[in-house]
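Just so we're on the same page: letters track the sequence lines, and every chain starts at 1.
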Amino acid sequence: MKRGLEGPPPEQRQAPVGRRNTQGIRIDPEVEARQDPRRTVISALVEHEPGVLSDVSGLFSRRQFNIESLTVGPTQDDARARITLVVEEPDPGIDQIKKQLRKLVPVVSVHELEPNAMRRELALIKVDAERPDQVAAVADMYGAKTVDSSPETATFEVTGSRQKIDAAIETFGQFGIREISRTGTTALARGTDETTGPSPAEASVTSAEAAKQDSYTQPADDD
Amino acid sequence: MSERAASVTPTETDEQDDEHIDDSATPEAATEADSSADDAESGPVTTGAESVVRALENAGVEYAFGVQGGAIMPVYDVLYDSDIYHVTMAHEQGASHAADAYGIVSGDPGVCLATSGPGATNLVTGLADADMDSDPMIALTGQVPTEFVGNDAFQETDTTGVTTPVTKDNTFSSDPDRVGTDVSEAFALAREGRPGPTLVDLPKDVTNGETDREPDEPKTPDTYHVQERADPEILAAAAERIENAQRPVLLLGGGVIKGDASDACREFAIEHEIPVITTMPGTGAFPEDHELSLEGAGMHGTGYANMAISMCDTLIGIGTRFDDRLTGGIPTFAPDAEVIHVDIDPAEISKNIHADYPLVGDAETVVSQLAEAVDESPQATKWRAQCQQWKSEYPMTYQAPEDEPVQPEFVVEALDEATSDRAIVTTGVGQHQMWAWQYWTYTEPRTWVSSHGLGTMGYGLPAAIGARLAADDDQEVVCIDGDGSFLMTLQGLSVAVRENLDITVAVLNNEYIGMVRQWQDAFFEGRHAASDYNWMPEFDKLAEAFGAQGFRIDEYDEVADTIEAAIAYDGPSVIDVHIDPEANVYPMVPSGGDNAQFALTEDQL
Ligand SMILES: Cc1ncc(C[n+]2csc(CCOP(=O)(O)OP(=O)(O)O)c2C)c(N)n1
């Protein structure tokens, strides 16, 4: 007995002409366009309660979003903490990150920062102190503060953009780096702009234009 | 450590008071009692546990499903005096599936309870299942006393940690004054916006602790916001797109049913004569016997639905998350279509399929908005004729010669015929689930209760228990199960017998875990690694051992009469249906494939 159903076989059927890329966006079938990842800073205001950090970090690992750094600390409001995330994803991924974060009940607001936002990272760099004068000169160059010194080592504190810290580490490298500890990025919007918001209520797509083309500007990665 | 804990926490061996299940407390009695629940004298709250139960009562809970245990005992002790009818299950997984199904059928969150540790971990599958399918449900789990938390105490599990990825929200309750409100909040969260499972973990000292705080009314936390109405600008653009569509399709997902938007969608489709496809969770949102219905699309959807979804130029997706079983490969999914996507969860918009017109909001509200905004029906006469032609080109038929082993499709159709339009079908997961979906004609929402996103074998029987208690008396409940699936949770039969629940289980017994065998035949050169289940018990006899009524079908001649007898039996019955072990499910789109290239036979895969 023949198993299966009746009907014209696949090759005799009508076929659509279009095509989507793997992100589900309709594209010219001739070109398989895929958006490139970009790095951006997302700031989330959250309820200051146990488990919220694991909710957020768990969301990222579960959904396979790539986190570059994540920092968290209290705010002027005792009941609220701020989580600053640096992520690298194509636009649809960044969009999903923001939406998924807003879904977490203890998350008050989620905001992607403008390229001109103030962004800072802190690093402690412990180097061999065999050439104190030269070490001091490098420290000066990066505005690094001496935090500790011993006959064998000197430890400096550097703050600034990620690039600046990368550069400092590279330059200190000539003396022999013993240990490094970095904080990851923390950030705030400039001037009177609010780092907070939009609240989850305001966060859905609000205009047809925005929906068609979620237009993001490429943040410059320095201050 | 565990000794220290054991001195505080009674162990599993503590016996449950048998009188809990006394004769007067039948489900019917509970329903009757319900009308007078308001006048029932309930004194002031004195403990955390009382506040927990009060919160459930305030929310209108009628049934709770669970299993006793040390850490949850204080709550059970209060439930003992409550009008809430507690259904003791044989396994906590069953409690969570029963609560899930209760939520699907009634629309109100189902409630399940479990003790700490293994009780809580046994709930996890049901929580994950409800989470994937956005079913409203709440779980209350006992926890070791706060002072032992984190010490690996006896029966301690980090329940909120374990369940975070599979719940909409969960809370570790740490204060007797707060615990009732935590439960109220969990209740509100489970049901509002995109529904889902919520969990409250209840340390024993918190439920035993003194308090006079009545729980607050069910209300979501201040940080939870739901957008009800779609943006007017996008809506106007979407309406214009619909008016100009030449090949429109309405795709109704599970959100239509959860959002009680079936009626609004029906009116809209019929008024504008737009062909309708349902996703598997959306089954019942539109009557499958209506001319506009193309039934379901996707991996095992009908040929006509898959042709229509592939060829449409305007796809109006409502309450669907564009799951991969529906879409197949993303590049070939509705590739000519502009997509209008209605969903209450903004995160679903453009997650898998880019939405050209995102309409965030409540399904019913947005469909009503659309109905108002669309003035002219799309000019789609040719398209509708084309859809009808596909229906005749790709009929859902099967060959059922009398001398062959019984074909499963025949059994499903016979069950459908023997029951009313409002009968509820629950299923396990596998081939039988697909036949139950394809060959039963669904016409009403909340009559199809199945595990979609998680695909949980063993879902069928406990779901039938939950569905039975949520259903009206005149609605039959039929569980169409597979032999492998049934074996996973059949201890629930003891519950169905004890509660005398009128459920008919039809086990489509092929002595295979058939869906796996089908894939092995198609993609693994017929090597039946661990899929041959020819050691199955005789399910009819097993049913009898539990005290249920057993039936068996081997031949076509027996089908109609046996089904009639099983449906007529007032109580749980099990029909062991020996079907053709080689029967396979078609049409089929292999995972990640092109929907328009569905296979009708094995050679086409
Ligand atoms: C808990 C669980 N384990 C494994 C699977 C993988 N699986 C999917 S379908 C299937 C076969 C189901 O067999 P059966 O219940 O006998 O139904 P049939 O396909 O024969 O109708 C299996 C093993 C699953 N879905 N769920």
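Applying the salt bridge (Lys or Arg N to Asp or Glu O under 4.0 Å) rule to B/Glu582 yields no partners; only residues at least two apart in sequence or on another chain are considered. When the salt bridge (Lys or Arg N to Asp or Glu O under 4.0 Å) test is applied to B/Glu295, no partner is found at least two apart in sequence or on another chain.
Remark: the backbone N or O of B/Pro581 is paired with a side-chain donor or acceptor of B/Arg517 at under 3.5 angstrom. With hydrogens and angles disregarded, a donor-acceptor distance shorter than 3.5 Å links the side chain of B/Gln407 to the backbone of B/Pro405. Listed for the B/Gln518 side chain is a donor-acceptor partner under 3.5 Å among the backbone atoms of B/Val585.
The candidate with the highest count of non-hydrogen atom pairs below 4.5 Å against chain B, out of A/Arg26, A/Gln96, A/Arg62, is A/Arg26. Of the listed residues (B/Ile353, B/Asp336, B/Thr164), the greatest number of heavy-atom pairs within a distance under 4.5 Å of chain A belongs to B/Asp336. Ranked by heavy-atom pairs shorter than 4.5 Å toward chain B, the options A/Gly93, A/Gly51, A/Ala15, A/Pro8 are led by A/Pro8. Chain A forms more heavy-atom pairs under 4.5 Å with one residue of B/Phe172, B/Tyr398, B/Phe333 than with any other, namely B/Phe333. The candidate with the highest count of non-hydrogen atom pairs below 4.5 Å against chain A, out of B/Gly303, B/Ser392, B/Ala337, B/Ser310, is B/Ala337. Considering only heavy-atom pairs separated by less than 4.5 Å from chain A, the leading option among B/Thr397, B/Thr332, B/Asp594 is B/Thr397. Of all the listed residues (B/Gly193, B/Gly161, B/Ala347), the one sharing the greatest number of non-hydrogen pairs under 4.5 Å with chain A is B/Ala347. Contact tally against chain A (heavy-atom pairs below 4.5 Å) for B/Met396, B/Glu348, B/Met307: the top residue is B/Met307.
If you measure heavy-atom distances from B/Pro587 to chain A, the contacts under 4.5 Å come from both the backbone and the side chain. The parts of A/Gln14 that come within reach of chain B are both its backbone and its side chain, each placing non-hydrogen atoms under 4.5 angstrom from that chain. Only the side chain of B/Leu189 comes within less than 4.5 Å of a heavy atom of chain A; its backbone N, CA, C and O stay farther away. Residue B/Glu185 does not touch chain A at all, counting heavy-atom pairs closer than 4.5 Å. Contacts between B/Phe598 and chain A at a heavy-atom distance below 4.5 Å involve backbone atoms as well as side-chain atoms. Using a 4.5 Å cut-off between heavy atoms, B/Val339 contacts chain A through its side chain alone, with no backbone atom that close. Proximity to chain A (any heavy atom under 4.5 Å) is restricted, for B/Asn352, to the backbone atoms N, CA, C and O. No part of A/Glu49 comes within reach of chain B, as not one of its non-hydrogen atoms sits under 4.5 angstrom from that chain. Neither the backbone nor the side chain of B/Asp603 comes within contact range of chain A, judged by heavy atoms closer than 4.5 Å.
Shown here is A/Glu11, whose CD atom has more than 12 heavy atoms of other residues, nucleotides or ligands within 6.0 Å.
With B/Thr160 as the partner, the side chain to side chain contact (heavy atoms under 4.5 Å, CB included) test is satisfied by one option alone out of B/Asn170, B/Thr167, B/Val200, B/Thr171: B/Asn170. Evaluated for a side chain to side chain donor-acceptor pair (under 3.5 Å) with A/Ser43, the options A/Glu112, A/Arg82, A/His111 yield exactly one hit, A/Arg82.
Side-chain N/O atoms of B/Gln246 and B/Asp313 include no donor and acceptor closer than 3.5 Å.
Using a 4.0 Å cut-off between charged nitrogen and carboxylate oxygen, B/Lys351 and B/Asp343 do not count as a salt-bridge pair. Contact check on A/Asp55 versus A/Lys103 returns no salt bridge, with no Lys/Arg side-chain nitrogen under 4.0 Å from an Asp/Glu carboxylate oxygen.
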